[in-house]
Structures are given as C-alpha cells and as structure tokens.
Amino acid sequence: MYEIVKKEFLSQNIVLMDIKAPRTAKHCYPGQFVIVKMDEKGERIPLTICDYNRDAGTVTIVFQTIGASTKMMAEYEVGDSFRDFVGPLGCKSDLIDESIDELKAKKILFVAGGVGTAPVYPQVKWLHEQGVDVDVIIGARNKELIILEEEMKKVAANVYVTTDDGSYGRTGNVNDCLKALLAEGKEYNHIVAIGPLIMMKFVCLLTKELGIKTIVSMNPIMVDGTGMCGACRLTVGDEIKFACVDGPEFDGHLVNFDEAMKRQQLYKTEEGRALLREKEGATHHGGCGHCE
Ligand code: NAD
Ligand code: FES
C-alpha cells in the first residue's frame, strides 16, 4: 500500500499529493510517469511525476478531477493509501542524458499549458540543480488555474505567466506569449512543450515555422501505460510509436497530432476501439481485451 503523506488543492479541481513510494522515488527521473490504482477494482490512472524526494521516499503527483476515478482520488486524505503505485514508467527526458556543457549552450524554453505545468516542474528543477538556466511560460485559461508558479520561480531563470482571459499575467494563450517574447528580443533554440494535445499541436506549428526544435510529452493519450492497450499509438514521422514505452517525449515536429486527437476520442468508446483495431491490425496491440 502507498500512503498519502501530503494533500493540497492547487485549484478547485487540481490536486497535489505526496505519496510514500520509496522504490519509485529512488529510481525515477523527470519525464517519467506512474500508474495509480485506488483499490483492486479501480481504474489504472497514468500520471506524470511532478517531483520526488529520494531521501523522504516520496513521489509528488498532480491530477485534475475530470472523471469518476479522479474525483474519488481527490476525496482521499492524508493517511489513506493507494493499492498500486507502479513506476517509474516510460523514458526519462532526453535532456537528462545530455552533457551539462551541451545543456548550458542551449537557450531552452519550457511551455507549460494548464495541468501540463506539473510535468514541466521536475525538468526545470533538475536543470536548475545542474546549473542550467531556462525560461518557462505557464499558460492557463484563467488565474484560478495557474499552478506551481511560486515553485517554478525558485528554479527557472524567468517565468512568464499568461491567461487566456487576461485575469492574471499577460493576456492570451501560450503561443501569443511566445510570439511576444521573441518580439521583445528573447532567443530560444530548444523548446519543450507540455500540455493538452491541441496546445502542443499549435506550439509545434509555430516553432516549425520559426525553425526551433520542439520536444513534446505525449502523456495525455495513455490508458494502461505499459504497452498493452494500444491507446497511446502514435505516428511520429514514418514510424509507429507507443508513447508509454517509446516516449512519452517525441520530436513535436514529427508527431501527427490530428491522428493522435482522433484516436483519443475513438478510444473512449467500445465501438471506437473496435474500429481502431480493425484499421490498425497487428500494430494496435489490443492487449487490454477491450477491443474484442
Ligand atoms: P487547458 O485546456 O486549460 O489549456 C491550457 C493552456 O494551453 C491554455 O490556457 C492555453 O495557453 C494553451 N492552449 C490551449 N489550446 C491552445 C491552442 N489551440 N493554441 C495555443 N495554446 C493553447 O489545459 P488543461 O485543462 O489544464 O489541460 C488538460 C489536458 O492536459 C488534459 O487533456 C490532460 O490530459 C493534458 N495533460 C497533458 C500532460 C502531458 O504530459 N502532455 C500532462 C498533464 C495534463
Ligand atoms: Fe501505451 Fe496502452 S498506454 S499501450
């Protein structure tokens, strides 16, 4: 069992929890994720790691209450436990394997959209610990939905906050903010964008035009997170990839976002899954049994 040792509401429907999971805390890196299960019959919920403390043996997760399972999760209190907490899963961020000199030579910008700010944080924190300065854009629909701003300010060189409705920080979406920063003279040659698929798609369209390498994290389309269900199947360039085992990070300029968004919708229904299986055949995986 994996005990909740801290719980905090970051906004009305975004929850942060520290979970006692020493083995995961010991081995995880920024970019990886875990799968949480509340009880024996509970849904498997993949969540990107937001932080970890190897000494305390804790892993921080952040989730939005969007469905029945995440709503139930949000009702758990400090002292309650999850039945399963599996991880670390997926590959660590590519940046972790680069030399510090290479990283310092880059002009890195992180673009964090909504709840996608949570998986951005451990990467920025890790880079800060290595002495690498990076900038961060945090975008949300409104002030209430901006999360981890103070934490990010402690580890980033500059944090630019923008809200769609202008209720806090700059006004507009993350792309408006990126365009404004470039117009103000900022220069970047490496961008990491994490957030909803539609945001990552539009960030990549802009950065492709600008010729700025862009990495995206394709976590939002996962179901089982272990290469079994096929939900996270992606086309990246000419290749078929599975985000949970080959990613979650990919070259955003090669990801087929339209296909990913269509698959995400289809995967929600039994009929859709059957259709995907018929279309994708042997490369669909289908190990979840939902497609039969
Ligand atoms: P949201 O819909 O509120 O969007 C957040 C911000 O993204 C917006 O404020 C805006 O700045 C930007 N954005 C959205 N659409 C855009 C567009 N078309 N062009 C330019 N910018 C745009 O985000 P939310 O409700 O917090 O996001 C929830 C989604 O994020 C879920 O689908 C979840 O699965 C996903 N998510 C992804 C990751 C990941 O690792 N990629 C992690 C956590 C959550
Ligand atoms: Fe990757 Fe199921 S989430 S195969």
Side-chain angles (χ1 to χ4, degrees), residues 10-11 13-14 30-33 35 44-50 61-67 70 89-90 93 110-123 137-148 160-179 192-207 215-234 240-250 252 255 257 260-261 263-265 267 273 276 280 283-288 290-291:
L10 300 181
S11 79
N13 66 347
I14 304 175
Q32 293 186 295
F33 64 98
I35 291 194
R44 298 157 59 87
I45 304 169
L47 296 166
T48 322
I49 291 167
C50 171
I61 53 171
V62 170
F63 60 92
Q64 206 172 11
T65 53
I66 37 171
T70 42
L89 299 169
S93 162
F110 283 82
V111 179
V115 192
T117 308
V120 162
Y121 176 70
Q123 298 203 31
I137 294 176
I138 301 179
R141 272 168 279 153
N142 57 49
K143 185 179 178 187
E144 216 264 321
L145 296 172
I146 293 287
I147 60 167
L148 303 172
Y160 304 97
V161 176
T162 185
T163 50
D164 297 5
D165 67 357
S167 52
Y168 187 58
R170 297 175 182 231
T171 302
N173 66 32
V174 292
N175 261 0
D176 298 323
C177 186
L178 171 56
K179 282 185 214 164
V192 179
I194 308 185
L197 286 171
I198 188 76
M199 177 205 96
M200 295 192 284
K201 172 186 165 171
F202 279 96
V203 169
C204 288
L205 284 175
L206 174 64
T207 59
I215 302 297
V216 292
S217 176
M218 298 302 284
N219 267 13
I221 52 171
M222 284 181 195
V223 176
D224 74 335
T226 57
M228 291 290 287
C229 70
C232 68
R233 184 189 199 266
L234 288 172
I240 300 298
K241 297 280 186 190
F242 290 87
C244 64
V245 285
D246 301 319
E249 289 190 355
F250 296 98
V255 171
F257 285 101
M261 286 187 276
R263 286 193 90 267
Q264 191 179 32
Q265 283 311 312
Y267 217 89
R273 290 192 290 270
L276 285 172
E280 296 169 353
T283 62
H284 178 62
H285 284 207
C288 61
H290 292 315
C291 306

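Just so you know, ligand 1 is whichever comes first in the structure, and atom 1 is the first atom listed for that ligand. Position 1 is the first residue of the sequence; numbering continues from there.
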side-chain contact (heavy atoms from CB on, under 4.5 Å), that's the test. Do Val111 and Ile194 meet it? Break it down for me.
CA-CA 6 Å; Val111 179; Ile194 308 185; over 6 Å; no

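- Looking only at distances, no side-chain donor or acceptor of Asp246 sits under 3.5 Å from a matching main-chain atom of Ala243.
- Side-chain contact between Asn13 and Thr70 is absent, with no heavy-atom pair separated by less than 4.5 Å.
- Between the SG atom of Cys204 and the CD1 atom of Ile215 there is a distance of 9.0 Å, given to the nearest 0.5 Å.
- Neither the backbone nor the side chain of Met218 comes within 4.0 Å of ligand 1, counting heavy atoms alone.
- Seen from the ring of Tyr168, Lys143 counts as a face-on cation partner, given the 6.0 Å and 45° thresholds.
- Of all atoms in ligand 1, listed by their number and element, those nearer than 4.0 Å to a heavy atom of Gly114 are 5 (C), 26 (O).
- In this structure, the side chains of Leu234 and Phe250 come closer than 4.5 Å at one or more pairs of heavy atoms.
- Polar contact check, Pro119 against ligand 1: no nitrogen or oxygen pair lies under 3.5 Å apart.
- We find the CZ-SG distance between Phe33 and Cys50 to be 16.0 Å, quoted to the nearest 0.5 Å.
- Near Cys244, with a cut-off below 4.0 Å to any heavy atom, the atoms of ligand 2 are 1 (Fe), 3 (S), 4 (S).
- Close approach of ligand 1 to Ile198 (heavy-atom distance below 4.0 Å) involves ligand atoms 15 (N), 18 (N).
- For the pair Ala140 and ligand 1, the shortest N or O to N or O distance falls below 3.5 Å.
- Contact annotation for Val174 and ligand 1: heavy atoms of both the backbone and the side chain come within less than 4.0 Å of the ligand.
- Annotation: Arg141 places an N or O atom under 3.5 Å from an N or O atom of ligand 1; distance criterion only.
- Residue contact check: Cys232 has heavy atoms under 4.0 Å from atoms 1 (Fe), 3 (S), 4 (S) of ligand 2.
- Going from atom OG of Ser217 over to atom CE of Met200 covers 6.5 Å, rounded to the nearest 0.5 Å.
- Of the listed residues (Thr163, Ile194, Val216), the one carrying the non-hydrogen atom nearest atom 39 (C) of ligand 1 is Ile194.
- Comparing Gly113, Gly195, Gly172, Ala193 against atom 36 (N) of ligand 1, the shortest heavy-atom distance belongs to Gly195.
- Within the 4.0 Å heavy-atom criterion, the part of Met200 lying near ligand 1 is the side chain and not the backbone.
- When each of Val174, Thr117, Leu145, Thr163 is checked for a side chain to side chain contact (heavy atoms under 4.5 Å, CB included) with Ile138, only Thr117 meets the rule.
- Of all atoms in ligand 2, listed by their number and element, those nearer than 4.0 Å to a heavy atom of Gly230 are 2 (Fe), 4 (S).
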